Colleague: 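My questions all concern the structure below.
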Amino acid sequence: MDLLENLNPPQRKAVEHTEGPLLVLAGAGSGKTRVIIYRIAYLIYNKGISPDNILAVTFTNKAAEEMKERISRVRKSPPPYPSPDTKSGGEGMGGGGQVRGNMNGLWIGTFHSICLRLLRRHSQAIGYRNDFSIYDKSDQSGLVKECVKELNINEELYPANSIARRISYLKNRLITPDKFSKTAKEFGMDARVLTAYRLYQDKLVNSNAMDFDDLIMKCAELFEKNPDILHRYRDRFRYILVDEYQDTNPAQYRLIMLLSDKHQNLCVVGDDDQSIYRFRGAELQNILSFETDFPSATIIRLEQNYRSTCSILDAAGTVIEKNIGRRLKRLWTENPAGEPVVYHRAGDERDEADYITRCIRSMIKNGGRPGDFAVLYRTNAQSRVIEEVLIESGLPYVIVGGLRFYERKEIKDILAYIKVSLRPEDDTSLRRIINVPHRGIGAVTMNRVEEYAGIHSVPLYEGVLKLSADNPRLGGFTAIIEKLKAAIKELTPSGFVSRLFEMTGYPDALKKDENAEERIENVMELLAAVKRYEERMPGTGIAGFLDEASLLSDMDEIANRKSQIANNPDRVSLMTLHSAKGLEFPVVFITGLEEGMLPHAGALGSIDDIEEERRLCYVGMTRAKERLHLTSVAKRNIFGQSLDRTESRFLREVKKGSKVKIEIDIPDMYNNKFSGGRIFR
């Protein structure tokens, strides 16, 4: 079988172009994942490149796992080279284990997982032990609040969360405290951020910890300060692929430039029209200036869309083509023209929700399922009225997104116990659990512990041990931790977590909570997750599980959202436009298309922000496979006031530039059949 026979001509060209820099501009629904998978398979099976010489960067851990499996399935014959030894490349992305099948040696994962793997090997070269802890966003926020309190910063004027966001922003641009001090103002927010940033980094180092942003920043530092290590990996990774390149930030960009400098066999895949994460630090210019970075670069456009109808692509194209900061491309499809895009102007948000509900009920009556429909909005606040009307009408729904599993209090508590059992010097985790479950250790006792630790320049746990002789409550806590420290060396990961439950009494303590059943279920699901990890990575310790849990980023929520939707086929999906990235539905409603809502009021003063909002609208429109509904209101209740609303400029662009059917009231257009996920007249 020809490895490339299932690819269209541009896809095939992208797969076969293996030497030199390559930019693949992959429009929405154009099969970019297939290109990445087949390109890796082509390098291995057709070009005889060892997986050991390939680095593939994805934006979610789930995508990395799926790619490994799909590459293995592309062709079953063995590769034309001996498999590399496990020492040189057999670890899993979380810091241990094997990649199954013929993929031993292939490095594929997110920026953070790849950087963690490198730092676990070489962190001593930049002054860290290789068993460093990883702080997630919640841990980071807590530690920044501690710094703000210690520095007597007025949190009403300079909120800790704002300072934490600024520190994250600086790290994503590889700006250290020393570098920031050269440009920071000597007053106001800059001055507070600088002092907090310095103290924050000192506390991380003292706890032998890195936060999520440090993983990339410290990896770049590792390479820049250790040319021998950099040259080793430049020689190894002769072929580099990066997915979702439009979402890379300056730190990620720098890392790729460092690694690809020698061979320049760099293939980046992305779509500037779907760059919607500037608020997370993504730098659109990275993809727009690719030829500047690599003058010999080849550019291939994937413009054939396999998802949507012609009508939907026509409407979406008229919106996005108004952006100035973009590369020229126009999606097309061999799919049918389909139903016209429908626009409805409602009286207010209640009328808007009524319209959406009546449309959905009508299509369900004609054969649709609730799971076929998605209602998208710019801000979470818009969902309230929609939820109320759906409840009144008896339509089941699910809010897609919400609090992530590993951010739930009970899960973070258990993970903190594991972290302290592994690394007692982790002050942030110790603070979290010292009185959880409640054991009577209050603020007065903690102040004494912190005072002792500060005077003697030791971790908090040493202060707890010292004072526990005269404090039975502290003594009870240290007795548990000491036993857990011993047990973690002797038991399997799942055995240790079960022992932790038993010794701390945490699950029993949850029974007193008003949400006891749900929280206990979450704790038991954590134990199940540890068992699944144990099956996948036999013989590895629980530190590897902690790494995997720590590596789950906001982007990994795409995979979780897909699972959430798949598990709720009988519910209408409600979510923000940002949450809809990476998803698709037969029927999509985009609500609130008004100036000040979409585009958002916060974007109206900036051309760049307006263009980001336009990309967000485009992403929402291209989630629809068969039908797209756009809605706006004449009046909307905002902060308790009923205000007149103007149609969004994006709506005006659609109405002017494409063939859109305008509906003033509930249409009769649903007196047709809905079968197999498609509407027919």
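Everything numeric here is computed off the predicted structure, so don't read it as measured data. Computed from heavy atoms alone, side chains included, the values below leave out hydrogens, waters and symmetry copies.
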Colleague: Check whether more than 12 heavy atoms from other residues, nucleotides or ligands sit under 6.0 Å from atom CD1 of Ile638, and answer yes or no.
Modeller: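 Result for CD1/Ile638: enclosed.
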Colleague: Think Arg232 forms a cation-pi with Phe223, using NZ or CZ under 6.0 Å from the six-ring centre and within 45 degrees of its axis?
Modeller: no
Colleague: Considering only NZ, NE, NH1 and NH2 on the basic side and carboxylate oxygens on the acidic side, decide whether Asp213 and Lys218 come within less than 4.0 Å.
Modeller: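 Salt bridge between Asp213 and Lys218, a charged N being under 4.0 Å from a carboxylate O: no.
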Colleague: The test is side chain to side chain contact (heavy atoms under 4.5 Å, CB included); show your working for Val400 and Leu574 and say whether it passes.
Modeller: CA-CA 6 Å; Val400 178; Leu574 274 59; over 6 Å; no
Colleague: We want to know whether Thr110 and Ser113 form a side-chain donor-acceptor pair, criterion being a heavy-atom distance below 3.5 angstrom.
Modeller: yes
Colleague: State whether a side-chain donor-acceptor pair under 3.5 Å links Asp136 with Ser550.
Modeller: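 Distance-only check fails for Asp136 and Ser550.
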Colleague: How far apart are the C-alpha atoms of Lys137 and Glu407, what are their side-chain angles, what is the distance that settles it, and do they pass the salt bridge (Lys or Arg N to Asp or Glu O under 4.0 Å) test?
Modeller: CA-CA 9 Å; Lys137 293 295 182 184; Glu407 289 179 344; over 6 Å; no
Colleague: Can Lys409 and Asp413 be said to form a salt bridge (Lys or Arg N to Asp or Glu O under 4.0 Å), step by step?
Modeller: CA-CA 6 Å; Lys409 180 185 183 303; Asp413 287 346; 2.8 Å; yes
Colleague: So which pairs with a foot in residues 181-196 pass side chain to side chain donor-acceptor pair (under 3.5 Å), sequence neighbours left out?
Modeller: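 The answer is Arg166-Asp190.
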Colleague: I would like to know whether Leu174 and Arg254 meet side chain to side chain contact (heavy atoms under 4.5 Å, CB included); could you show each step before the answer?
Modeller: CA-CA 9 Å; Leu174 301 179; Arg254 176 61 179 159; 3.5 Å; yes
Colleague: Under the side-chain hydrogen bond (donor to acceptor under 3.5 Å, both in side chains) rule, collect the residues that match up with Arg439, sequence neighbours excluded.
Modeller: Tyr417
Colleague: If you draw a 6.0 Å radius around CD1 in Ile324, do more than 12 non-hydrogen atoms from other residues or ligands fall strictly inside?
Modeller: no
Colleague: Does Lys203 pair with Glu150 as a salt bridge, N-O distance under 4.0 Å?
Modeller: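 Answer for the salt bridge query: yes.
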Colleague: Mind checking whether Tyr233 and Trp107 have parallel, tilted or perpendicular rings, split at 30° and 60°?
Modeller: tilted
Colleague: Report the residue from Ile134, Leu119, Leu204 that forms a side chain to side chain contact (heavy atoms under 4.5 Å, CB included) with Asp214.
Modeller: Leu204
Colleague: Do Leu551 and Leu215 have side chains that get closer than 4.5 Å, going by heavy atoms?
Modeller: yes
Colleague: Carefully, step by step, assess Ile414 and Ile411 under the rule side chain to side chain contact (heavy atoms under 4.5 Å, CB included).
Modeller: CA-CA 5 Å; Ile414 298 300; Ile411 302 305; 5.9 Å; no
Colleague: Please test Asn249 against Tyr277 for side chain to side chain contact (heavy atoms under 4.5 Å, CB included), starting from the C-alpha separation and ending with a verdict.
Modeller: CA-CA 10 Å; Asn249 62 36; Tyr277 296 122; over 6 Å; no
Colleague: Is a side-chain donor or acceptor of Arg378 paired with a backbone partner of His600 at a separation under 3.5 angstrom?
Modeller: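 Judged by distance alone, no pair lies under 3.5 Å.
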Colleague: With a 4.0 Å cut-off on N to O distance, would you call Lys149 and Glu155 a salt bridge?
Modeller: no
Colleague: What verdict does the salt bridge (Lys or Arg N to Asp or Glu O under 4.0 Å) test give for Glu611 and Lys322, after you've listed the backbone C-alpha separation in whole Å, the side-chain angles of each residue and the deciding distance to 0.1 Å?
Modeller: CA-CA 9 Å; Glu611 296 212 341; Lys322 300 298 187 296; over 6 Å; no
Colleague: Can you measure from CG (Leu55) to CD1 (Ile114) and round to the nearest 0.5 angstrom?
Modeller: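 Rounded to the nearest 0.5 Å, the CG-CD1 separation comes out at 4.5 Å.
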Colleague: Hey, mind stepping through Arg615 and Glu612 against salt bridge (Lys or Arg N to Asp or Glu O under 4.0 Å) and telling me if it holds?
Modeller: CA-CA 5 Å; Arg615 291 191 293 271; Glu612 176 108 346; 2.7 Å; yes
Colleague: Do Arg165 and Phe279 have side chains that get closer than 4.5 Å, going by heavy atoms?
Modeller: no
Colleague: Not counting sequence neighbours, which residues clear salt bridge (Lys or Arg N to Asp or Glu O under 4.0 Å) with Asp272? List them please.
Modeller: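 Listed in chain order: Lys329.
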Colleague: Hey, is Arg384 close enough to Glu349 for a salt bridge, meaning N to O under 4.0 Å?
Modeller: no
Colleague: Taking atom types as modelled and ignoring hydrogens, do the side chains of Asn208 and Asp131 form a donor-acceptor contact shorter than 3.5 angstrom?
Modeller: yes
Colleague: I want to check something: taking the side chain as every heavy atom from C-beta on, are Ile216 and Gln252 in contact at a cut-off of under 4.5 Å?
Modeller: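 Side chain of Ile216 against side chain of Gln252, heavy atoms only: contact under 4.5 Å found.
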Colleague: Please name all residues satisfying salt bridge (Lys or Arg N to Asp or Glu O under 4.0 Å) with Glu595, sequence neighbours left out, ordered by chain then number.
Modeller: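 For Glu595, the residues satisfying salt bridge (Lys or Arg N to Asp or Glu O under 4.0 Å) (neighbours in sequence not counted) are Arg649.
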Colleague: Is the NZ or CZ atom of Arg173 both under 6.0 Å from the centre of the six-membered ring of Tyr169 and within 45° of that ring's axis?
Modeller: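 So Arg173 does make the cation-pi contact.
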Colleague: Examine His122 together with Tyr128 and report whether their ring centres are nearer than 6.0 Å.
Modeller: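 Ring-ring flag for His122/Tyr128: false, centres at least 6.0 Å apart.
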Colleague: Tell me the side chain to side chain donor-acceptor pair (under 3.5 Å) pairs involving residues 456-475, sequence neighbours left out?
Modeller: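 Residue pairs passing side chain to side chain donor-acceptor pair (under 3.5 Å), neighbours aside: Tyr461-Glu482.
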Colleague: In plain terms, say whether Asp513 and Arg519 are close enough for a salt bridge, that is, a side-chain N and a carboxylate O under 4.0 Å apart.
Modeller: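 Between Arg519 and Asp513 there is a salt bridge, with a charged N closer than 4.0 Å to a carboxylate O.
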Colleague: Indicate whether the side chain of Thr248 and that of Asn286 have a donor and an acceptor atom separated by less than 3.5 Å.
Modeller: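 The criterion, which ignores hydrogens and geometry beyond distance, is satisfied for Asn286 and Thr248.
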Colleague: Do Arg614 and Asn323 have a side chain donor and acceptor closer than 3.5 Å?
Modeller: yes
Colleague: Do Asn522 and Glu410 have side-chain atoms, one donor and one acceptor, less than 3.5 Å apart?
Modeller: yes
Colleague: Find out whether Pro424 and Leu430 are in side-chain contact, i.e. whether some heavy atom of one side chain is under 4.5 Å from a heavy atom of the other.
Modeller: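 No, their side chains stay 4.5 Å or more apart.
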Colleague: Sequence neighbours excluded, which residues qualify as salt bridge (Lys or Arg N to Asp or Glu O under 4.0 Å) partners of Asp139?
Modeller: Lys412, Lys419
Colleague: Looking at Asp427 and Leu460, would you say the former's side chain and the latter's main chain have a donor-acceptor pair under 3.5 Å?
Modeller: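 Here the side-chain-to-backbone pair exists.
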Colleague: Hey, does Val242 have a side-chain heavy atom less than 4.5 Å from the side chain of Ile256?
Modeller: yes
Colleague: Decide whether Gln201 and Lys171 meet the rule of one side-chain donor and one side-chain acceptor closer than 3.5 Å.
Modeller: yes
Colleague: Please tell me whether Tyr200 and Asp211 have a donor and an acceptor in their side chains that are separated by less than 3.5 angstrom.
Modeller: yes
